[in-house]
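One-based numbering, in listed order, for ligands and for the atoms of each. Excluded from the calculations below are hydrogen atoms, water molecules and symmetry mates; all remaining heavy atoms, backbone and side chain alike, are included.
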Amino acid sequence: MADIIDGRAIAGQLDEQTKADVDALVAAGHPAPGLTVILVGNDPASEVYVRRKIEACERVGIRSSEHRLPDTITQEALLTLIARLNVDPEVHGILCQVPLPEHIDTGKVLGAIVPEKDVDGFHPVNVGRLSTGTGGIVPCTPLGIMKLIHTVIDDLTGKDVVVIGKSNIVGKPVANLLLEEEATVTVTHIHTHGLPDIVRKADIIVAAAGAPRLVRGFWVKEGAVIIDVGITRVPGEDGKTKLVGDVAFDEVQHAKAVTPVPGGVGPMTIACLLSNTVKAARAAYGVNTDVNSDIDRDSGHHTFTASGSLPN
Ligand SMILES: Nc1nc(=O)c2c([nH]1)NC[C@@H]1CN(c3ccc(C(=O)N[C@@H](CCC(=O)O)C(=O)O)cc3)C=[N+]21
């Protein structure tokens, strides 16, 4: 029987640490860290995620605010809001929920958030730092994935990892994080020829294609570790919708360990958003980020540098 990697429990532990970090900042006389979430339009899935993020902030003592904007908002108005939040000293993290409406240039909007407040890690400066292994803010889902893998495997040196999916949010950044830890990384996607045979070689599978039950039992090597990043809403037997992952969960009992959906990567994404926000606040306050940062505790690879300067 494969072990189930309990993302909710691991996220809960990370939240305890984040709460302790918030309390320490407040005890030192700093205002609590602040996160602002921007939600454009009323996509039901986005509403659920944003609500979870706001509730999570409350649990750990992060001040949160929400900007709900109609999907008719102009790009200019959105950029004006971001410009204001960029210079607001009470705001340490800005998250603009994606996807954005068609008429808005997502790259332009995400690139308008100053890198120091870009707690999603989507700004080109943070993307570039990640790809060169020079710090910056690491995107929440890939960071959560690394933490989940490390609950099962300490040292990734030489491990064969197959990433399925090449998105800017998951596939590409997680591949970079894995490479930083000396894993051998193969990035694939739904157009990759002979995908089952490639996946079957993997010690670790990161399934992030957004294709329900794509990864079947016969794709999985005995003893592999599987991280299922997929979340697709499908109609359930009871008439309600249910969430399914990219992995045929019931077919992978010969794996060493697997993350469930829900309760795997999703909760970790939110926990990492909170820890990124505290990290951004620490940097803004000039509090030493090298000693206490959760990222440094884990791997020592992703030292966050404040104020946009490159590390020496
Ligand atoms: N700027 C931006 N940053 C994001 O990080 C971002 C985004 N936009 N857009 C959408 C995706 C998706 N995402 C999730 C967060 C939490 C769960 C989560 O908590 N999932 C629960 C279930 C949630 C439910 O019941 O629907 C679970 O897997 O257990 C899932 C998905 C963040 N995203």
Side-chain angles (χ1 to χ4, degrees), residues 4-12 14-15 35-57 59 64 66-69 71 78 81-82 85 93-101 104 106-113 115 117-124 126-127 137-145 147-148 165 167-174 207-210 212 226-236 240-247 249 258-277 280:
I4 293 174
I5 304 171
D6 187 345
R8 260 182 217 129
I10 299 159
L14 180 53
D15 285 349
L35 173 71
T36 288
V37 180
I38 302 170
L39 175 57
V40 181
N42 40 23
D43 172 58
S46 290
E47 303 232 9
V48 171
Y49 303 144
V50 167
R51 189 169 357 104
R52 281 176 187 258
K53 288 168 186 177
I54 301 283
E55 285 166 2
C57 284
R59 282 201 300 275
S64 63
E66 209 182 326
H67 289 269
R68 289 173 157 265
L69 307 168
D71 58 10
L78 191 51
L81 170 64
I82 289 171
L85 296 170
I94 304 170
L95 180 147
C96 182
Q97 189 76 12
V98 290
L100 289 167
I104 290 175
T106 301
K108 189 153 192 188
V109 168
L110 299 182
I113 297 170
K117 297 190 181 188
D118 167 38
V119 284
D120 264 326
F122 293 166
H123 187 286
N126 285 319
V127 175
I137 301 183
V138 177
C140 307
T141 300
L143 186 55
I145 291 169
K147 288 176 190 292
L148 291 175
S167 71
N168 292 330
I169 296 182
V170 182
K172 288 178 200 167
V174 83
I226 310 174
I227 307 295
D228 190 347
V229 193
I231 29 166
T232 308
R233 281 192 160 66
V234 299
K240 293 188 197 153
T241 64
K242 62 169 190 167
L243 295 178
V244 291
D246 283 2
V247 177
F249 188 83
V258 58
T259 63
V261 177
V265 173
M268 288 302 288
T269 297
I270 294 181
C272 290
L273 170 66
L274 304 180
S275 72
N276 275 353
T277 302

Put together the list of close N/O pairs, under 3.5 Å, between ligand 1 and the protein, could you?
unit_1, atom_1, unit_2, atom_2, d
ligand 1, 1 (N), Cys96, O, 2.9
ligand 1, 1 (N), Asp120, OD2, 2.7
ligand 1, 3 (N), Asp120, OD1, 3.0
ligand 1, 3 (N), Asp120, OD2, 3.4
ligand 1, 8 (N), Val98, N, 3.1
ligand 1, 9 (N), Gln97, NE2, 2.9
ligand 1, 9 (N), Val98, O, 2.9
ligand 1, 25 (O), Arg52, NH2, 3.1
ligand 1, 26 (O), Arg233, NH2, 2.7
ligand 1, 29 (O), Gly263, N, 2.7

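Using a 4.5 Å heavy-atom cutoff, the side chains of Asp15 and Arg59 are in contact. Put simply, the side chain of Val40 does not reach to within 4.5 Å of the side chain of Gln97, judged on heavy atoms. Residues Leu39 and Ser46 meet the side-chain proximity criterion, which asks for heavy atoms closer than 4.5 Å.
Between the side chain of Asp246 and the backbone N or O of Asp228, no donor-acceptor pair lies under 3.5 Å. No side-chain donor-acceptor contact under 3.5 Å links Asp71 to the backbone of Pro101. In this structure a side-chain-to-backbone donor-acceptor pair under 3.5 Å is missing from Asp118 to Ile113.
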